[in-house]
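Structure first, commentary second.
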Amino acid sequence: MRRLLAAMTCCVCVLVGCTDPGSEPSDASPNPAPAPSPDDESRSSSSVDGSAEPTETTEPPHPVSLPALQDKEYDGGRLRLGTEVYSTSTQVQHEVTYRGGGLTISGRIAVPEGDGPFPSIVLAHGYIDPEVYVNGQGMTREREWFADHGYIALHVDYRNHAGSDDTSIGEADLRMGYAEDVINAVLALRAWDGPVDDDRIAVGGRSMGGGVVYNVLVAQPGLVDAGVAWAPVSSDAVDSYNRWIAHDPERQDIVDAIDRLYGLPRDNPEFWDGISARTYFDDITEPVLIHHGTADDTCPIRWSRETARLMERDGVDVTLAEYPGEGHAFGPQFFASMESADRFLRQHLR
């Protein structure tokens, strides 16, 4: 099943370029209503004085879009601890699963020692090939650091990864499903009987996961209290398409599949706007902190500069922290970025 999904991914994956640090590597009704009589139809389309009134219809959003995520009902819950995988004098980590959207999603949780309740952050990892991805991979450093500093950190594996359920469409939803998984993780964390302060929860993500954070904030304003992104992808899906797919001769089959399913950006810009967070920045109600290195040659810093500019224009409380000479993986300045994130979260998770 994994290899089938991987093959599908090769045909439909749009946002695959950014990776984490190398160290991580309509059914008919059974009782249909009677058809309206001509008189009924006449009454329904006329005003009291008999004059015709226009009938307003609203097109449903494209099923693969952020508006579709905004309209969705979420049911995250049933967070269950599994095997203990790591412990120190300051924290303990477990494999976990939770339910949401009809799926079981796996992940890892790091819980500080003590009684709590603790503030929490749900972590969205960057791109790692689902064929090689293992449970908890991608944000190990962040998960451990947050727990050492008094936060519960719930790392989401995403659907089609590790112990999570596979979906028949793989990544044909262009990663909208990853945002759904993170949203359900927040709800599952709140419903858990562990030492979580339900009123102090943030989301954070690295690289591709930074884009997932943007999508979560757009899709469900008010769900969390703040968002943090490290070295994130662009908030415009076309940038990622152009960066990793459009100009690569070895990916012509992917270009053809995208064209067949959705249309290319030049032919169907409305679709691409619908999966781009920046189209809906004015829906975001939470403060956002973006970390980006000036020497990032995977996700160029100009992407975050433009994202921050557009967020600010649309009234988002956004801060862009630039790290001179830092690359995509945040090696030398990793701890500086975490301390900055801690100050930001302590200010906003009140």
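- Scored by the ring pair (Phe, Tyr, Trp, His ring centres under 6.0 Å) test, His155 finds His125 as partners (sequence neighbours excluded).
- Between Ile201 and Val196, the closest side-chain pair of non-hydrogen atoms falls below 4.5 Å.
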Start with the C-alpha distance between Ile301 and Arg305, add both sets of side-chain angles, then the distance that settles side chain to side chain contact (heavy atoms under 4.5 Å, CB included), and finish with yes or no.
CA-CA 6 Å; Ile301 193 170; Arg305 289 171 175 165; 3.8 Å; yes

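- The aromatic rings of Tyr262 and Phe271 sit parallel, their planes meeting at an angle under 30°, below the 60° perpendicular limit.
- With sequence neighbours excluded, no residue satisfies ring pair (Phe, Tyr, Trp, His ring centres under 6.0 Å) with Tyr74.
- For Asp267, the CG atom counts as densely surrounded, since its 6.0 Å shell holds more than 12 non-hydrogen atoms of other residues, nucleotides or ligands.
- In this structure, OG1 on Thr97 lies 12.5 Å from CG on Leu103, to the nearest 0.5 angstrom.
- Between the side chain of Asp317 and the main chain of Pro287, no donor-acceptor pair closer than 3.5 Å is present.
- Taking CZ of Arg278 as the start and CD1 of Ile284 as the end, the distance is 11.5 Å to the nearest 0.5 Å.
- Here ring-ring contact (aromatic ring centres under 6.0 Å, His included) pairs that include residues 199-221, with residues two or more places apart or in two chains, number zero.
- Between the side chain of Gln91 and the backbone N or O of Ala147 there is no donor-acceptor pair closer than 3.5 Å.
- A heavy-atom distance below 4.5 Å is not found between the side chains of Pro232 and Thr307.
- Side-chain contact of Thr298 with His328: a donor-acceptor pair under 3.5 Å is absent, judged by distance alone.
- Interatomic distance, Ile245 CD1 to Ile254 CD1, rounded to the nearest 0.5 Å: 5.5 Å.
- Between Trp244 and Trp303, the angle of the ring planes goes over 60°, which puts this pair in the perpendicular group of the 30/60° scheme.
- With contacts defined as side-chain heavy-atom distances shorter than 4.5 Å, the pair His161/Ser106 does not qualify.
- Tyr98 has its side chain within reach of Val156: a pair of non-hydrogen atoms, C-beta onward, lies under 4.5 Å apart.
- Partners of Phe146 under the ring pair (Phe, Tyr, Trp, His ring centres under 6.0 Å) rule, at least two apart in sequence or in another chain, are Tyr151.
- The two residues Trp192 and Ile152 have their closest heavy-atom pair at CZ3-CD1, 4.3 Å.
- With a 4.5 Å cut-off on side-chain heavy atoms, Asp225 and Glu286 do not count as touching.
- Taken together through direct or relayed side-chain contacts under 4.5 Å among Ile, Leu, Val, Met, Phe, Trp and Tyr, Val238 and Ile258 form part of one hydrophobic cluster.
- Taking the six-membered ring for Trp and thresholds of 30 and 60 degrees, His291 and Trp230 have nearly parallel ring planes, at less than 30 degrees apart.
- The hydrophobic clustering, which links ILVMFWY residues whose side-chain heavy atoms are closer than 4.5 Å, places Leu261 and Val255 together.
- Checked by atom type and distance alone, the side chain of Asp157 pairs as donor or acceptor with a backbone atom of Gly136 at under 3.5 Å.
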Evaluate the criterion side chain to side chain contact (heavy atoms under 4.5 Å, CB included) for residue pair Val134 and Ile128; output intermediate values, then yes/no.
CA-CA 9 Å; Val134 296; Ile128 302 172; over 6 Å; no

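- Judged purely by atom type and a 3.5 angstrom limit, Ser276 has no side-chain atom pairing as donor or acceptor with the backbone of Thr279.
- Each of Tyr86 and Val92 belongs to its own hydrophobic cluster when Ile, Leu, Val, Met, Phe, Trp and Tyr are linked at side-chain heavy-atom distances under 4.5 angstrom.
- Leu345 CG to Ser340 OG: the interatomic distance, rounded to the nearest 0.5 Å, is 9.0 Å.
- The pair Arg346-Asp342 counts as a salt bridge, with a side-chain nitrogen and a carboxylate oxygen less than 4.0 angstrom apart.
- Under the ring pair (Phe, Tyr, Trp, His ring centres under 6.0 Å) criterion, Phe281 pairs with no residue at all, not counting sequence neighbours.
- In plain terms, the two heavy atoms of Gly101 and Asn184 that are nearest each other are N-ND2, 3.7 Å.
- A heavy-atom distance below 4.5 Å is found between the side chains of Pro195 and Val111.
- Between Ile290 and Ser304 the shortest heavy-atom distance is CG2-OG, 3.5 Å.
- Glu326 places no side-chain N or O within 3.5 Å of a backbone atom of His292 that could act as its donor or acceptor partner.
- A donor-acceptor pair is defined here as one N or O able to donate and one able to accept, closer than 3.5 Å; no such pair exists between the side chain of Ser164 and the backbone of Asn160.
- In plain terms, the two heavy atoms of Met338 and Trp145 that are nearest each other are O-CH2, 3.4 Å.
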Leu79 vs Leu189, test: side chain to side chain contact (heavy atoms under 4.5 Å, CB included). Steps then yes/no.
CA-CA 7 Å; Leu79 178 67; Leu189 196 57; 4.1 Å; yes

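- Here Arg309 does not pair with Glu312 in a salt bridge; the nearest charged N to carboxylate O distance is not below 4.0 Å.
- Nearest heavy-atom pair across Gly107 and Asn135 is O-ND2, 2.9 Å.
- The only member of Val216, Asn215, Leu217 that meets side chain to side chain contact (heavy atoms under 4.5 Å, CB included) when paired with Val213 is Leu217.
- For the pair Val224 and Val186, the minimum side-chain heavy-atom distance is below 4.5 Å.
- Taking the six-membered ring wherever Trp is involved, the centroid distance between the rings of Tyr241 and Trp272 falls below 6.0 Å.
- No side-chain heavy atom of Val228 sits less than 4.5 Å from a side-chain heavy atom of Glu142.
- With Glu180 contributing its side chain and Gly100 its backbone, the two residues share no donor-acceptor pair below 3.5 Å.
- Within the structure, salt bridge (Lys or Arg N to Asp or Glu O under 4.0 Å) contacts touching residues 77-105 (residues at least two apart or in different chains) are Arg99-Asp165.
- For the pair Leu349 and Pro119, the tightest heavy-atom approach, listed with the atom from each and the gap, is CD1-CB, 4.2 Å.
- Gln70 and Tyr280 share no donor-acceptor pair across their side chains, judged by distance under 3.5 Å alone.
- Between the CZ atom of Arg108 and the CD atom of Glu144 there is a distance of 11.5 Å, given to the nearest 0.5 Å.
- Between the side chain of Thr88 and the main chain of Thr90, a donor-acceptor pair closer than 3.5 Å is present.
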